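The structure appears right after this line, and notes come after that.
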Amino acid sequence: MPAKQMLPGRRPSAVKAQGRKRPVVRVKRPAGRGPLTRLRRTQRQLHKAWDRPLTAYYLIFGSSLLITVLGLVMVYSASMIKALQLGLGDAYFFKKQFLAALIGTGLLLIASRMPVKLHRALSYPVLAGTLFLMVLVQVPGIGVSINGNQNWISLGGPFMLQPSEFGKLALILWGADLLARKGDKGLLSQWKHLLVPLVPVAFLLLGLIMLGGDMGTAMILGAILFGLLWLAGAPTRLFVGVLAFAGAIVALLIKTSPHRMDRLECLGATEPGKNDLCWQAVHGIYALASGGWFGSGLGASVERWGQLPEAHTDFIFAITGEELGLAGTLSVLALFAALGYAGIRVAGRTEDSFVRFAAGGVTTWITAQAVINIGAVLGLLPIAGVPLPLFSYGGSALLPTMFAVGLLIAFAREEPAARAALAMRQPKTGWRRTVVRWKSMRRRVKKRPSGER
């Protein structure tokens, strides 16, 4: 009998393996389960989504739409008490703003579908028309003065027009076309071609605006001019010289105006001061401070009951902070940041010089005006009297801004990758397929012999 008896049910190989050391099998953890791996994967997915061809298109359209809709809500909430105090319906200002938003939406859609050549062709007519209207503002009997600034033209009834708001759009379109034509000829390296006639025409617009006393709009126009020069590749010493000259003019205008000096003294004020000179600035801070994290709720503002002047126009951001809290104000800032990023992306990725100048000018306009308005509400900048773009009440400011957003949408659609992506999304069914099929059948009928039916 053998030394090791076979046990029933066991194979010889299993018996031989009893004395051997079993190999250690290492079970690999499935990839992608670690927190660091998941974080990297999420980061790659976000970067891939952020770098898609239509990202700028959706950002511009979505952020501008949300800003406009939220602005309509806040205009109704902030202007309700003011309208009732004037003996008007509670939705009086909201209805006017809603009508302007409808017209502006039409302008946005038209501008977004217009080709670049047509935008360039409109630059000179828009500039000439704006200059004509700005001259009419200074004619006695035609121009209307509001809050000490004569920058308005009455259109009959409650409707007013502020031509200086259209001056921003006119300078961008005309300046972009001018710089693009000179850039194509290689003339922008010469100072005289870089400055003339862009700077004289911009100073003409600035002079007409300052005749009406609207320094806030003049600051926005100056920012647009600097943006165009920067995109054109102006040297740093030129910026230093122009900035010093502009700073001297601004200092002179502030020094010679008691009203502007009062606004400068209210910078960072925490008390209304003597004769309540800083009443508006201080109550704007009060509104923001009382909002807390999530606000007091829509329609629950205290400052709109006559405490805060211009609650639905220049200081609507303060009412937003009071009713929607820090969450609401940060949401508004995030939307403007997304719009600004998308504009910079469009300007940086295009190969068309006109598109680069125009997109950069529009982005400079919207971001600079938002910074000046929000900075004044926060007490970081002097009160300049400029509305928050797409958000504050005012049809004259809303219409050209929505047209400018339409420009950005059109430029975003014109990118080669975006154009290809949109072409792939064209519907392959419906009336287009029917038309193609009908045309193909028509061609087949024409190819038949004449004796066949």
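We use all heavy atoms of the structure for the numbers below, so side chains are in, but hydrogens, waters and symmetry mates are not. Owing to the predicted nature of the structure, the values given are computational and were not obtained by experimental measurement.
Under the 4.5 Å side-chain criterion, counting only non-hydrogen atoms from C-beta, Trp152 is not in contact with Leu161. Between Asp90 and Ile81, the closest side-chain pair of non-hydrogen atoms is not below 4.5 Å. Contact check for Leu229 versus Leu198: side-chain heavy atoms found under the 4.5 Å cut-off. Taking 4.5 Å as the limit, some side-chain heavy atom of Phe226 sits within range of a side-chain heavy atom of Leu243. The side-chain heavy atoms of Pro115 and Glu414, taken from C-beta on, include no pair separated by under 4.5 Å. Residues Met160 and Ile146 have side chains in contact (heavy-atom distance under 4.5 Å, counting atoms from C-beta outward). Considering only heavy atoms from C-beta on, Phe93 comes within 4.5 Å of Leu86 through its side chain. With contacts defined as side-chain heavy-atom distances shorter than 4.5 Å, the pair Arg413/Leu54 does not qualify.
The list of disulfide bond (SG atoms under 2.5 Å apart) pairs with a residue in residues 172-269, not counting sequence neighbours, reads Cys266-Cys278.
The aromatic rings of Phe354 and Phe411 stand perpendicular to each other, their planes meeting at an angle above 60°, with 30° marking the opposite boundary. Classification of the Tyr57-Phe61 ring pair by plane angle, with boundaries at 30° and 60°, yields parallel. Below 30°, between 30° and 60°, or above 60°: for Trp174 and Tyr124 the angle between ring planes is above 60°, a perpendicular geometry.
Defined by atom type and a distance below 3.5 Å, a donor-acceptor pair is missing between the side-chain atoms of Ser301 and Glu303. Side-chain polar atoms of Glu323 and Ser77 form a donor-acceptor pair below 3.5 angstrom.
Counting heavy-atom neighbours within 6.0 Å of Trp230 CH2, excluding the residue itself, gives a total of 12 or less. For CZ of Arg181, the number of neighbouring non-hydrogen atoms (other residues, nucleotides, ligands) closer than 6.0 Å is greater than 12.
Each of Lys182, Arg120, His119 was compared with Asp177 under the side-chain hydrogen bond (donor to acceptor under 3.5 Å, both in side chains) criterion, and only Arg120 meets it. Partner of Glu165 under the side-chain contact (heavy atoms from CB on, under 4.5 Å) criterion, chosen from Asp214, Thr217, Ile220: Thr217.
Remark: the backbone N or O of Gly295 is not paired with any side-chain donor or acceptor of Glu322 at under 3.5 angstrom. With Ser112 contributing its side chain and Gly406 its backbone, the two residues share no donor-acceptor pair below 3.5 Å. Side chain of Arg263 to main chain of Pro382: no donor-acceptor pair is present (N/O by atom type, distance under 3.5 Å, no hydrogens or angles). Gln150 places no side-chain N or O within donor-acceptor distance of the main-chain N or O of Gly213, the cut-off being under 3.5 Å. Between the side chain of Asn373 and the backbone N or O of Val386, at least one donor-acceptor pair lies under 3.5 Å. Thr350 contributes no side-chain N or O that, together with a main-chain N or O of Val346, makes up a donor-acceptor pair within less than 3.5 Å.
The shortest non-hydrogen separation linking Met210 to Ala218 is SD-CB, 3.6 Å. Between Ala318 and Leu288, the shortest heavy-atom contact is CA-CD2, 3.9 Å. The two residues Ile316 and Ser392 have their closest heavy-atom pair at CG2-OG, 3.3 Å. Of all heavy-atom pairs between Ala100 and Gly395, the closest is CB-CA, 3.8 Å. Shortest non-hydrogen contact noted between Trp365 and Ala404 is CZ3-CB, 3.5 Å. Contact record, Pro309 with Trp279: CD-CD1, 3.9 Å, taken as the closest heavy-atom pair.
Expressed to the nearest 0.5 Å, how far CG of Leu390 lies from CG of Leu70 amounts to 11.5 Å. Between Leu127 atom CG and Ile172 atom CD1 the span is 12.5 Å, to the nearest 0.5 Å. Tyr76 contributes atom OH, which lies 9.5 Å from atom NZ of Lys95 (distance to the nearest 0.5 angstrom). The CG atom of Leu171 sits 11.5 Å away from the OG atom of Ser123 when rounded to the nearest 0.5 Å. Going from atom CE of Met402 over to atom CG of Leu102 covers 9.0 Å, rounded to the nearest 0.5 Å. Note that OG1 of Thr320 and CG of Leu326 are 12.5 Å apart. Values are rounded to the nearest 0.5 Å.
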task = Take Leu381 and Ile374 through the side chain to side chain contact (heavy atoms under 4.5 Å, CB included) test and state the conclusion after the steps.
result = CA-CA 9 Å; Leu381 296 174; Ile374 296 174; over 6 Å; no
request  = Evaluate the side chain to side chain contact (heavy atoms under 4.5 Å, CB included) criterion for residues Glu351 and Arg356: first the C-alpha distance (whole Å), next the side-chain angles of each, then the deciding distance (0.1 Å), finally the verdict.
outcome  = CA-CA 8 Å; Glu351 297 179 357; Arg356 181 172 65 254; over 6 Å; no
inquiry  = Would Thr329 and Phe317 count as a side chain to side chain contact (heavy atoms under 4.5 Å, CB included) here? Give the steps.
reply    = CA-CA 7 Å; Thr329 55; Phe317 189 76; 3.6 Å; yes
ask   = Does the pair Thr367 and Phe336 meet the rule for a side chain to side chain contact (heavy atoms under 4.5 Å, CB included), with working shown?
value = CA-CA 7 Å; Thr367 53; Phe336 276 108; over 6 Å; no
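Geometric assessment of Lys96 against the ring of Phe159 yields a positive cation-pi assignment under the 6.0 Å and 45° thresholds.
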